[in-house]
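Contents: one structure, followed by commentary.
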Amino acid sequence: MEMELKEFTIEKTIIGPITIVFQDSDNVLIKNIILSTPDLKSKEIAYKSYDNLDSVSFSHLNKRIKKLVLDIQDYLNGKDFKFSLDNFDFSGCSPFEREVLNAEYNTKRGSVNTYGELAKEIGHPKAYRAVGNALRKNPFPIVIPCHRTIKKDRTIGGFNGYQGGIESKEILLSLENVEVQQKKVISESPVISLNKKAQKKLDIDN
DNA sequence: TGAAATGGGCTG
DNA sequence: CAGCCCATTTCA
């Protein structure tokens, strides 16, 4: 018996439509946040990825999903924001992937870090490529702010699973006042990585 | 710029 | 388990 999934799409955002896929039981479970790509709108991707998906109008949304929608809109309107992770379903993620996503979650708006730093932070200093793989599979972009991770040479790297997504990555970074030109972060200040605790850890390592 | 290193996850 | 895929990095 397949579990029935619902979908709500925020149609107009600065990075195009955003679709939230969730399981609408008494304890709602957020399964996936899908961004649009230049080729495909998020809703099409959603219906391609999941069978038995039902659309829900905003007024009929579960309270928790409503809050997530409003939070995403606030965030995209420039509010400094840390999302609640309540009701997000990480069961599809490996322990390593969870570590990566957790470290990313703890980064701050307006800061950037590198794949290598994230790897070091979670105690696998040479697994920078694996970190990229984990971020590629990030089920909850925006909420887990994977757009803040860039390459060591300060070019912005990949996003949203394929190269076309870097457009959105650039928009999200500039939304956080991180300056990007020619696919490269050009802020004068050094790359600020992770939160305070993580930064301390890194300092000890260096 | 290109090759090689690198490690987690996925497929057969 | 082997072999391949990668949103990286480093070095010549």
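Below, read A as the first sequence line, B as the second, and so on, with proteins coming before strands; counting in each chain starts at 1.
Here the P atom of nucleotide dC6(C) and the CZ atom of Phe159(A) are 19 Å apart, to the nearest Å. One atom, CG of Leu135(A), and another, P of dG9(B), lie 13 Å apart when rounded to the nearest Å. Separating the CG atom of Asn113(A) from the P atom of dT8(C) is a distance of 14 Å, rounded to the nearest angstrom. When the C1' atom of dT8(C) is taken as reference, atom CD1 of Ile122(A) falls 14 Å away, rounded to whole Å. Rounded to whole Å, the distance from OH on Tyr115(A) to P on dT6(B) is 21 Å. Regarding Arg129(A), its CZ atom lies at a distance of 6 Å from the C1' atom of dT8(C), rounded to whole Å. Protein atom NZ of Lys120(A) is 12 Å distant from nucleotide atom P of dT9(C), rounded to whole Å. Taking atom CD on Glu117(A) and atom P on dT10(C), their separation rounds to 11 Å, with Å as the unit.
Ring centroids of Phe140(A) and Phe90(A) are separated by less than 6.0 Å, placing the two rings close together.
Checking dG8(B), dT8(C), dG9(B) against every side-chain atom of Asn133(A), the shortest atom distance belongs to dG8(B). Residue Ser94(A) has its side chain nearest to dG8(B) when only dT9(C), dG8(B), dC6(C) are considered. Each of dG9(B), dG7(B), dA7(C) was ranked by its minimum atom distance to the side chain of Lys126(A); first place goes to dG7(B). The listed nucleotides are dA7(C), dT9(C), dG7(B); the one nearest the side chain of Ala127(A) is dG7(B). Comparing dT8(C), dG8(B), dC10(B) by their closest approach to the side chain of Lys151(A) singles out dT8(C).
Heavy-atom nearest nucleotides on DNA chain B were determined for Phe96(A) and for Tyr128(A), and the one closer to the 5' end corresponds to Tyr128(A).
Residues passing the side chain to side chain donor-acceptor pair (under 3.5 Å) test with Glu7(A), sequence neighbours excluded: Thr9(A), Tyr47(A), Ser55(A). For Glu176(A), the salt bridge (charged side-chain N to carboxylate O under 4.0 Å, His left out) criterion is met by Arg148(A), not counting sequence neighbours.
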Would Asp39(A) and Thr37(A) count as a side-chain hydrogen bond (donor to acceptor under 3.5 Å, both in side chains) here? Give the steps. CA-CA 5 Å; Asp39(A) 302 339; Thr37(A) 68; 5.0 Å; no

Could you walk me through whether Thr13(A) and Tyr75(A) pass side chain to side chain contact (heavy atoms under 4.5 Å, CB included), step by step? CA-CA 11 Å; Thr13(A) 83; Tyr75(A) 169 80; over 6 Å; no

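In this model, no donor atom of one side chain and acceptor atom of the other lie less than 3.5 Å apart for Asn62(A) and Lys67(A).
The backbone N or O of Ile34(A) sits nowhere less than 3.5 Å from a side-chain atom of Asn32(A) that would complete a donor-acceptor pair.
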Can you run through DNA chain B from 5' to 3' and write each base as (, ), [, ], | or . depending on how it pairs? Watson-Crick or G-U wobble, both distances under 3.5 Å. |||||.||||||

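Distances shown here put every side-chain N or O of His124(A) at or beyond 4.0 Å from the OP1 or OP2 atom of dG7(B).
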